[in-house]
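Counting starts at 1 for both ligands and their atoms, following the listed order.
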Amino acid sequence: MQETISTPYYLIDKSALLRNLQIMDRVREQSGAKVLLALKCFATWSVFDLMREHMDGTTSSSLYEVKLGQQKFGGETHAYSVAFADHEIDEVVAHSDKIIFNSINQLERFAPAAMGKPVGLRLNPGVSCAGFDLADPARPFSRLGESDPARILSVIDRLSGVMIHNNCENDDFARFDALLGEVERRYGAILQRLQWVSLGGGISFTSPGYALDAFCERLRHFSSKWGVQVYLEPGEATVRHTTTLEVSVLDTGFNGKQLAVVDSSTEAHMLDLLIYRETAPIGDGQGEYVYQICGKTCLAGDIFGEGRFARPLQVGDRISIGDAGGYTMVKKNWFNGIHMPAIAVRELDGSVRLVRDFSYDDYVSSLS
Ligand SMILES: Cc1ncc(COP(=O)(O)O)c(C=O)c1O
Ligand SMILES: NCCCCNCC[C@H](N)C(=O)O
């Protein structure tokens with residue numbers, strides 16, 4: 001079946017997803033934390049049937065995400081946004097179990113609309129683990145959350161919890177532990193007044209070798225010390241190494257390096273590679289023929305990375321581009337009018353199912 005699906009398409013492997021989800025189960029059980037999928041990273045609802053068995057719900061960054069979370073995932077639905085608009089707030093409240101405001105201004109403006117639902121505030125502790133300035137919530141002049149303990153204490157009676165997201169791709173438990181310690185030292189007077197604390201996403205606890213037992217113990221200790229329900233909001237950790245972008249070679253060439261142009265694009269289909277100046281894992285890393293795999297847009301730097309192959313590439317050869325689950329499908333766009341990748345799922349029994357494809361009509365209807 002897989003060979004009959006036309007490229008390009010994203011292929012989500014449920015068995016690989018299940019491996020990450022089983023780690024979610026272990027963390028939930030061992031630590032007592034609740035685990036919410038961060039929809040900003042991955043919102044492909046065709047696999048929510050499997051995910052919802054191993055996660056407690058979703059968290060969101062917008063009205064549309066909160067609605068999707070409630071309607072397609074279920075469980076506990078957290079609403080957060082850097083800024084809600086007046087015309088959104090009633091719908092946000094209607095579709096969520098908790099509303100987390102980014103600022104005290106937003107809290108004061110909208111908390112009366114919360115209809116008695118639990119209200120939270122984003123706390124920005126001013127310290128973080130983020131290798132990219134762009135994704136560092138504690139960057140100078142950050143707009144993400146409130147930092148001043150006195151200001152937060154001034155509204156504490158209106159809060160049932162706080163959300164702290166200050167990690168990005170942090171696979172070092174010691175670093176996580178140290179950051180959480182700093183939060184406890186600086187914000188203890190706040191933590192002791194709360195019922196729940198969300199520690200956000202960006203913790204790579206599904207990565208091979210992550211100190212899972214220590215992580216769970218740390219979360220359990222934090223929870224019992226402050227008397228709070230802990231939440232985690234993993235995006236990337238949920239879907240890392242579960243999804244490929246399947247493409248075909250359209251042309252080959254040589255310009256100091258062997259080049260292969262494929263029927264996809266970084267900018268349109270794996271945008272984070274450009275934003276964060278990274279390359280994708282390509283193929284199985286075996287073989288003596290090295291190719292630079294290039295996208296087909298006009299952008300000179302539309303390059304996925306380099307891959308090794310067992311034989312010279314030819315037009316029509318299929319290639320798998322790895323790690324295409326997080327921040328890909330949610331960011332895809334119609335740049336250059338190139339064909340939008342379909343979405344397929346490899347089920348647990350190995351069968352592959354096409355769950356969505358896109359056509360010229362979708363391109364036309366995305367504009368007017
Ligand atoms: C508030 C919040 N929670 C969770 C996440 C998910 O982060 P990650 O995909 O790195 O786990 C993000 C990322 O932007 C976030 O801003
Ligand atoms: N792989 C390159 C870094 C990805 C950063 N992910 C961003 C996560 C999230 N949007 C955040 O801002 O924390």
- prompt: Checking side-chain hydrogen bond (donor to acceptor under 3.5 Å, both in side chains) for the pair Asn102/Tyr80: CA distance, chi angles, key distance, verdict?
  reply: CA-CA 7 Å; Asn102 183 64; Tyr80 165 73; 2.8 Å; yes

Tell me whether [X] has any N or O atom under 3.5 angstrom from an N or O of ligand 1.
| X | value |
| --- | --- |
| Lys40 | yes |
| Met163 | no |
| Ile203 | no |

field: Pairing residues for Glu217 by the salt bridge (Lys or Arg N to Asp or Glu O under 4.0 Å) criterion, not counting sequence neighbours
entry: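 Partners of Glu217 under the salt bridge (Lys or Arg N to Asp or Glu O under 4.0 Å) test: none.
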
Check [Y] with [X], please: is the shortest side-chain N to carboxylate O separation under 4.0 Å?
| X | Y | result |
| --- | --- | --- |
| Asp349 | Lys14 | no |
| Asp302 | Lys296 | no |
| Arg218 | Glu184 | yes |

query: By number and element, which atoms of ligand 1 are closer than 4.0 Å to a non-hydrogen atom of Glu236?
result: 8 (P), 9 (O), 11 (O)

query: Do the two ring centres, one from Tyr289 and one from Phe309, sit under 6.0 Å apart?
result: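 That pair fails the under 6.0 Å test.
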
statement: Close residues (non-hydrogen atom under 4.0 angstrom from ligand 2) work out to Phe132, Ala135, His165, Cys168, Glu169, Tyr276, Glu278, Tyr327

Within residues 110-167 or reaching into it, pairs that qualify as ring pair (Phe, Tyr, Trp, His ring centres under 6.0 Å) - sequence neighbours excluded: Phe132-Tyr276

Test item: side-chain donor near acceptor, Asn20 and Thr238, under 3.5 Å: no

Protein residue, atom and distance nearest to [atom], heavy-atom basis:
| atom | result |
| --- | --- |
| atom 11 (O) of ligand 1 | Gly202 N, 2.8 Å |
| atom 4 (C) of ligand 1 | Glu233 O, 3.3 Å |
| atom 5 (C) of ligand 1 | His165 CE1, 3.6 Å |

message: Please compare Tyr80, Tyr327, Phe205 and report which has the shortest non-hydrogen distance to atom 9 (O) of ligand 1.
response: Tyr327

message: Under the rule for ring pair (Phe, Tyr, Trp, His ring centres under 6.0 Å), what residues qualify as partners of Tyr231, not counting sequence neighbours?
response: His78

- prompt: Is Trp196 linked to Ile156 within one hydrophobic cluster, defined over Ile, Leu, Val, Met, Phe, Trp and Tyr using a side-chain heavy-atom separation of less than 4.5 Å?
  reply: no

